[in-house]
Amino acid sequence: MALVFSSCGLGAVMNLSALKTNVSSSHKKFLTCKRSKIVASNQGTNTTASYSALATEPLTKEDLIAYFSSGCKTKEMWRIGTEHEKIGFDVKTLRPITYEQITALLNGISERFDWDKVMETGTIIGLKQGMQNISLERGCQLELSGAPLETLHQTYDELHSHLYQVKTVAEDLGIGFLGIGYEPKSSLEDATIVRKRRYDIIQGYLDRTGSGPDLGLRTCTVQVNLDYSSETDMIRKFRASLALQPIVTALFANSPFSNGKPNGFLSIRSHLWIDTDKNRTGMIPFVFYDSFGFERYVEYALDVPMCFLHRNKSYLNCRGMTFRDFLSGKTSHLSHEQPTINDWENHIGTIWPEVRLKRYLEMRGADGGSREMLCALPAFWVGLLYDDESLRTVLDMIADWTTEEREMLRTQVPVTGLKTMFRDVTLKHVAEDVLKLAKDGLERRNYKETGFLDAVTEVAITGVTPAEKLLKLYNGDWGQSVDPLFHEMQY
């Protein structure tokens, strides 16, 4: 799903000397960071360094900016991180898997394939092996947060190994997993809920903002996380990827069913985000302002209401206070708590724009899909963002796109996909041009990676999205039933 409550992502453990050099060398005076205030910790998840603020000095805005600056890496250190989720079902009944079944799966993978168990209050909630994590989202979706890898061949091998392990254990339990963006058959009431305090707090907050529980319980996504070398490089990649995110939504649209019938969308997963708390979602137009950089993103995040604090293995409800209030001490019920960098890291993990800045950039526009499409997403973005020539061409292409045009694409694409009209042509033609740039970028990497684009290239050439293929089957061979989908789309 798209609600990434954990801080999984890309980035090696922070080198403090490098952080000090990166931050101090910035042209902005406020980016100077005191080394004593931020220390590395291995308490976080697999690929994001977690930080602890020393109590001797209070956290400042300067430290929050330095957090993002510390993500800068030289090009030879750039890596590819993927995250993908799967919807589980009982093979006999096609109903959502139970909590007992998903915990049996986790225990089975741990025992058969040597994963370490992650426990909470005596219950297994995930697995860890090296720099990979397996976790449960709120509706029992199974997520792999992969290791930071150098080539797309390695990401394929990681995915293949993961799906093999899951299938090996799942078959013995009579369960399967779907490659799709939204649970196609069961009602919301049938969903199995993973009871974690942080999930309950976040869902409670979203309920108060008018956002329904569907995002947490029935959606699935695939995401790719990529590095930047400098603040300028981050800005260029952020702008390119944010403008093109609706094209990815169209190419990967794969959630046309709800409650056993067509729902009127090609990507209902993407559409649901449009009506979700606008304080923390969307196309964030300030990314395209001349003033954009690390500090501007910090200013944005400071004014987003907080969801929780993590203290002594417990989660405290922030009741909507902003991080700016927390930083300045303007709080009431949590006035005894002091902000830490860990709090900041948790907070920015509860902000969900179409592209998200952490200590890397996270692409968030695609539905979950087939094995081939899971591999195509990182190939698409690596070809565009890790190649200077392709990135420069994309930036030239989008330079005169207006805020209104980007918003139109964001709103319309979940309904009409590649048939969406943009400047008198269909989005299909734009997608074909962009895919050519991605292929060229991969060829210049010299890793023989262009084959990973084959599946998504077929979508662009035909103009038929994965969702439209499913709808054709539903209205044809499947006799207007979604039941055959569980066999067709099972990993």
Side-chain angles (χ1 to χ4, degrees), residues 8-12 46-47 76-87 109 113-115 127-135 141-170 176-181 220-227 241 248 251-252 254 360-387 390 435 437-460 466 488-491:
C8 300
L10 187 64
N46 56 340
T47 53
E76 61 268 20
M77 293 302 296
W78 290 355
R79 295 294 182 265
I80 308 162
T82 54
E83 304 176 36
H84 40 83
E85 301 155 355
K86 299 157 286 297
I87 291 174
I109 294 173
F113 298 103
D114 197 28
W115 287 70
L127 301 171
K128 181 175 178 62
Q129 187 181 79
M131 300 188 76
Q132 300 178 80
N133 276 310
I134 297 174
S135 59
Q141 302 95 322
L142 188 73
E143 177 180 6
L144 175 70
S145 296
L149 301 171
E150 191 171 353
T151 73
L152 294 168
H153 298 285
Q154 292 170 338
T155 65
Y156 171 82
D157 290 343
E158 178 185 70
L159 172 64
H160 180 77
S161 174
H162 170 68
L163 293 180
Y164 168 77
Q165 292 179 13
V166 170
K167 186 177 180 68
T168 298
V169 178
F177 286 89
L178 289 179
I180 199 166
C220 272
T221 185
V222 53
Q223 299 171 357
V224 60
N225 307 318
L226 298 176
D227 287 313
S241 58
V248 164
L251 287 167
F252 289 79
N254 193 34
Y360 47 87
L361 286 167
E362 182 179 271
M363 313 294 133
R364 300 176 49 80
D367 283 354
S370 67
R371 183 190 307 252
E372 293 76 19
M373 292 298 277
L374 295 184
C375 292
L377 185 72
F380 178 91
W381 287 119
V382 167
L384 293 176
L385 302 185
Y386 275 7
D387 178 76
S390 291
L435 271 164
L437 296 176
K439 182 178 180 180
D440 291 345
L442 291 181
E443 286 179 344
R444 285 187 286 268
R445 273 169 57 86
N446 292 318
Y447 285 121
K448 298 182 179 179
E449 297 169 316
T450 57
F452 293 111
L453 287 173
D454 287 351
V456 72
T457 299
E458 180 187 352
V459 174
E488 188 81 17
M489 300 300 291
Q490 182 178 353
Y491 289 116

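Heads up: numbering here begins at 1 and tracks the sequence. Note that these values count all heavy atoms, side chains included, but never hydrogens, waters or copies made by symmetry.
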Side chains of [X] and [Y] in contact at under 4.5 Å (non-hydrogen atoms):
X	Y	result
Y386	L226	yes
V224	T155	no
E150	R79	yes

I need the minimum non-hydrogen distance between [X] and [Y], along with the two atoms involved.
X	Y	answer
V459	L251	CG1-O, 3.6 Å
G179	Y491	CA-OH, 3.1 Å
Q132	A147	CG-N, 4.0 Å
L144	K86	N-NZ, 4.1 Å
V248	G365	CG1-C, 4.3 Å

For [X], all residues meeting side-chain hydrogen bond (donor to acceptor under 3.5 Å, both in side chains), sequence neighbours excluded:
X	value
D157	none
T151	none
T82	none

Can you tell me how far [atom2] of [Y] sits from [atom1] of [X], rounded to the nearest 0.5 angstrom?
X	Y	atom1	atom2	answer
L435	T457	CG	OG1	5.0 Å
I134	H162	CD1	NE2	5.0 Å
T221	N254	OG1	CG	11.0 Å
N225	I80	CG	CD1	11.0 Å
L142	S135	CG	OG	7.5 Å
D387	D440	CG	CG	8.0 Å

Not counting sequence neighbours, which residues clear ring pair (Phe, Tyr, Trp, His ring centres under 6.0 Å) with F177? List them please.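 Partners of F177 under the ring pair (Phe, Tyr, Trp, His ring centres under 6.0 Å) test: none.
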Listed by chain and number, what are the salt bridge (charged side-chain N to carboxylate O under 4.0 Å, His left out) partners of [X], not counting sequence neighbours?
X	answer
K448	none
E449	R445
D454	none

Does T168 have any side chain to side chain contact (heavy atoms under 4.5 Å, CB included) partners at least two apart in sequence or in another chain, and if so, which?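 Here the qualifying residues are R112, F113, Y164.
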Using distance only, find each side-chain donor-acceptor pair of residues 371-384 under 3.5 Å and give its atom names and separation, not counting sequence neighbours.
from : atom 1 : to   : atom 2 : distance (Å)
R371 : NH1    : H160 : ND1    : 3.2
E372 : OE1    : S370 : OG     : 3.4

Given the rule in the side-chain contact (heavy atoms from CB on, under 4.5 Å) test, do L385 and L361 qualify, once you have shown the distances and angles that lead to the verdict? CA-CA 10 Å; L385 302 185; L361 286 167; 5.7 Å; no
Answer yes or no: is there a donor N or O on one side and an acceptor on the other, between the side chain of [X] and the main chain of [Y], under 3.5 Å?
X	Y	value
S390	L437	yes
Q129	D114	yes
K167	V169	no

Tell me whether the rings of F452 and H153 are parallel (<30°), tilted (30 to 60°) or perpendicular (>60°).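 Geometry flag for H153 against F452: perpendicular rings.
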